[in-house]
Structure formats: structure tokens, C-alpha cells
Amino acid sequence: MRKAFILISLLLLAVLVAACGSSEDTGDSGSNNESEEASDSKWNEIQEEGEIVVGTSGTLFPASYYPEGSDEMTGYDVEIMREVADRLGLELKFEEYGVDGLLSAINSGRIDAVINDMEVTKERQKQFAFSEPYKYSYSTMIVRESDLSGIEKLEDLEGKTHGGGATTVFSQIAEHFGADTKTYGNVTNDVYLRDVENGNTDFIINDYYLQSLALQALTDIEVQLHPDLKFHPTNSAIVMPKEAETMKEEIDAVLAEMKEDGTLTKLSEEFFGGQDASKEPEEDIREIEGLDL
């Protein structure tokens, strides 16, 4: 009897262990399936529609803009997105927003992604997914030609007025050094530059490539790039919903192809005056200490 009791007890224990194992496996499988469904849902929705809706400003030369006399938007970012959509077999629809409205348009579901020289930051990565970078750069600033707006170093920004979007990294940098920011709607570059020229603002922090080309296009405005200040190395990427893992994988694969076959270099040279912004700069660029972006 004792042997029989031990045998029955062992059999019951084995059944309980097997049941626990089965329960845990089922739970893990369910959790994984839910995670996979969440990551796939956005991509499945895009594929079903056969179209990806992308937010951009249409006013950011040379990333996203309308050439004079044309009603067709173009730019480095715009043409990258067109190529990405084409290689994914999708129709592409652009929706235009001011810079401060682009990310909220993703959160509200009005658009699927954003491409607008959008910098990858730690804070943004908490809320959104980013593709692999398609552009590497750094920040500089536009100042008045006559006196460099009284700025010799970044610490001189205290008490001065910066022109920019309220939610941009550039405004965060300006405010970190004690400047105030005058905000704008979805306006063109000449509005920003003339405000520096006439003293309504003192400087504009922005991407080196974008600012240098804006100045080349608007030579009648008496402003210039600061000759000594290069700071905050950056990279720009396509922004997507946080859970859109499959969408990110698909877009990353296409961007890797475009980098490998020279498409990114070709587009960069076309829009950035022969410069290749798809590769990291070799210059020594100052990091901004104490600013958690």
C-alpha cells in the first residue's frame, strides 16, 4: 500500500508540474501573440489601404518645400520618402503640418509617419519609433552680419531672443543657455531670417545643412552663419508610432538598400549642394552638457 501511495503521489505531482508548465507556456504564447499583433496592426492597416500617409511641413528648404512657381513638393526628405514608398509597393500621401503639429498628428492617428528633418532624441524615443538615420549633421546658428548678434560663444545666448518652433530641439538648446524663443506657425525661411536682420530676434539655431542652403537662396537678407559655433551632433530619421515594429523593420530594410546602392548619397548631393549628409561628419562637434534631449 505504501508503495502504491508513493506512486500515486508522484503521478499527481507530475500531473501538477505538467499543468503548471502548460499554463506558463500558454501565457507566454498569448503575450507574444498580442505583442506581435500590436506591432503588425499598423503595417497591416497600411498594406490593406495600399497607401502610407506621411506628415511633413512643405516649408523646410531643402528637406521639404515647394520650388518657386511650382505646386509640387520636393526636397531631400520628400524624395527619400517617395523612394521608400515606391520600393514598398505603396502609394504615398503627404499631409502638411506646422513643425509643432507633426508628432501630435501621429498620436492622433491622422498620419502614419513623419519625415521632416526630425531629430532622434531620447525623449522622443520614449513616445515614438524611429527608422535608421538617413541624415547626419550638427547644429549651428544664423546671426546678423553686422555684429554676429553680439554672440561669441553659446553662453552669450542668455537674455537674447531665438526664432524657432516651440517644441524643437533647437529651442530647447537656446532656452538651456538662457534665451527666450519667439515661436512661429508654418512660415517660410525668409520670415525667420528677416526677423534676425531687423532685430525682432537675435539668432536662429537649426541644422547646418538647412541653414547654409537657406542663406544661399536668400542672399539679399543681411544675416550669416556664425563662423565659430558648431555644436550638438544630430541624426534625422522617419518617425513612426511606438508600437509599429513591423513598419519600422520594413522601412529600415529599404533605407539600408538605398544607402548601399548610393541612392541616399545621390539625393543628398542633389539637395545639399554636392554634400553627402547621409554620412556622419568628421568634424569635432561640441556636445551640449547638462541638456537631456
Side-chain angles (χ1 to χ4, degrees), residues 35 38-39 41-43 46 52-60 63-64 75-78 80-81 84 94-140 162 164-177 179 181 183-186 204-211 231-252 254-256 264 277-278 280-281 285-293:
S35 176
S39 68
S41 61
K42 171 56 73 174
W43 181 242
I46 290 170
I52 184 169
V53 182
V54 178
T56 192
S57 68
T59 59
L60 187 62
S64 169
Y76 181 55
D77 291 38
V78 169
I80 284 174
M81 199 66 235
V84 168
F94 281 115
E95 294 283 354
E96 294 173 41
Y97 293 88
V99 174
D100 292 336
L102 286 168
L103 296 182
S104 60
I106 291 181
N107 282 333
S108 67
R110 297 195 298 274
I111 58 177
D112 301 315
V114 162
I115 190 165
N116 199 70
D117 199 51
M118 193 66 68
E119 181 183 339
V120 182
T121 69
K122 293 177 186 176
E123 283 302 308
R124 287 172 178 167
Q125 285 177 312
K126 293 176 183 177
Q127 301 179 62
F128 303 96
F130 285 83
S131 70
E132 289 299 307
Y134 58 81
K135 176 172 171 282
Y136 298 88
S137 187
Y138 56 87
S139 299
T140 184
H162 171 244
T167 63
T168 65
V169 170
F170 309 116
S171 291
Q172 287 180 259
I173 293 172
E175 289 158 13
H176 175 75
F177 286 100
T181 293
T183 60
Y184 297 78
N186 199 23
I204 306 164
I205 295 177
N206 210 310
D207 172 77
Y208 160 73
Y209 289 108
L210 299 187
Q211 293 204 126
F231 50 94
H232 187 57
T234 61
N235 51 60
S236 301
I238 299 168
V239 194
M240 295 160 277
K242 182 70 173 177
E243 71 280 0
E245 295 176 12
T246 303
M247 180 181 172
K248 170 179 163 54
E249 290 171 3
E250 295 288 339
I251 288 176
D252 280 349
V254 171
L255 288 173
L264 290 183
S278 70
E280 296 187 58
I285 310 300
R286 174 181 170 180
E287 296 275 3
I288 306 297
E289 296 180 4
L291 184 62
D292 188 22
L293 296 172

Residues passing the side chain to side chain donor-acceptor pair (under 3.5 Å) test with Asp252, sequence neighbours excluded, are Lys248
**Study point:** side chain to side chain contact (heavy atoms under 4.5 Å, CB included) between Tyr97 and Val114, worked out
**Key:** CA-CA 10 Å; Tyr97 293 88; Val114 162; over 6 Å; no
Heavy-atom nearest pair, Ala237 first then Ser131, reads CB-O, 3.3 Å
Rounded to the nearest 0.5 angstrom, the CZ-NE2 distance for Arg286 and His232 is 12.5 Å
Minimum side-chain heavy-atom gap Ile204-Phe170 below 4.5 Å = no
To the nearest 0.5 Å, atom CD1 of Ile205 lies from atom OG1 of Thr168 at 8.5 Å
Residues at least two apart in sequence or cross-chain that pass ring-ring contact (aromatic ring centres under 6.0 Å, His included) with Tyr138, listed by chain then number, are Tyr208
Sequence neighbours excluded, the answer for ring-ring contact (aromatic ring centres under 6.0 Å, His included) partners of Phe177 is none
Taken to the nearest 0.5 Å, the spacing of Asn116 CG from Met81 CE works out to 13.0 Å
Taken in chain and number order and not counting sequence neighbours, the residues that satisfy side chain to side chain contact (heavy atoms under 4.5 Å, CB included) with Glu249 are none
With sequence neighbours left out, the residues meeting side chain to side chain contact (heavy atoms under 4.5 Å, CB included) with Ala113 are Val54, Ile238, Met240, Met247
Contacts of Asn206 meeting side chain to side chain donor-acceptor pair (under 3.5 Å) (sequence neighbours excluded), chain-then-number -> none
Here the salt bridge (charged side-chain N to carboxylate O under 4.0 Å, His left out) pairs for residues 94-110, sequence neighbours left out, are Lys93-Glu95
Residue set satisfying side chain to side chain donor-acceptor pair (under 3.5 Å) with Glu123, at least two apart, ordered chain then number -> Lys126
Heavy atoms of Arg124 and Met118 approach each other most closely as NH1-SD, 3.5 Å
Quiz prompt | Residue pair Tyr134, Ser278: steps toward the side chain to side chain contact (heavy atoms under 4.5 Å, CB included) verdict | solution = CA-CA 6 Å; Tyr134 58 81; Ser278 70; over 6 Å; no
Across all chains, not counting sequence neighbours, the side chain to side chain contact (heavy atoms under 4.5 Å, CB included) partners of Gln172 are Val169, Leu293
- Does the side chain to side chain contact (heavy atoms under 4.5 Å, CB included) test come out yes or no for His162 and Ile173, once each step is laid out? CA-CA 10 Å; His162 171 244; Ile173 293 172; over 6 Å; no
Check: Side-chain contact, heavy-atom cut-off 4.5 Å: Leu103 with Thr167?
Finding: no
To the nearest 0.5 Å, atom CG of Asn235 lies from atom CG of Asp117 at 10.5 Å
Heavy-atom closest pair (Thr181 atom, Gly164 atom, distance to 0.1 Å) is CG2-O, 3.7 Å
Interatomic distance, CD1@Ile285 vs OG1@Thr140, rounded to 0.5 Å, equals 9.0 Å
| Distance-only, no hydrogens or angles: does the Ser171 side chain make a donor-acceptor pair with backbone N or O of Gly165 under 3.5 Å? | yes
* To do: Give the C-alpha distance, both sets of side-chain angles, the deciding distance and a yes or no for side chain to side chain contact (heavy atoms under 4.5 Å, CB included) between Val99 and Tyr184.
  => CA-CA 9 Å; Val99 174; Tyr184 297 78; over 6 Å; no
Note to self: Any non-hydrogen side-chain atom of Val84 less than 4.5 Å from a side-chain atom of Ile80?
What the structure shows: yes
| said: For Ile115, is there any backbone N or O sitting under 3.5 Å from a side-chain donor or acceptor partner on Thr56? | reply: yes
Do Ile288 and His176 come close enough that some side-chain heavy atom pair is under 4.5 Å?
yes
The reported gap from OH in Tyr76 to NZ in Lys135 (rounded to nearest 0.5 angstrom) is 8.0 Å
Residue set satisfying salt bridge (Lys or Arg N to Asp or Glu O under 4.0 Å) with Asp77, at least two apart, ordered chain then number -> none
With sequence neighbours left out, the residues meeting ring-ring contact (aromatic ring centres under 6.0 Å, His included) with Phe231 are none
Residue set satisfying side chain to side chain contact (heavy atoms under 4.5 Å, CB included) with Ala179, at least two apart, ordered chain then number -> Leu157, Ala174, Phe203
On a heavy-atom basis, the closest approach of Asp207 and Thr234 is OD1-OG1, 4.4 Å
For Ser64 and Ser57, the nearest pair of non-hydrogen atoms, with its separation, is OG-N, 3.9 Å
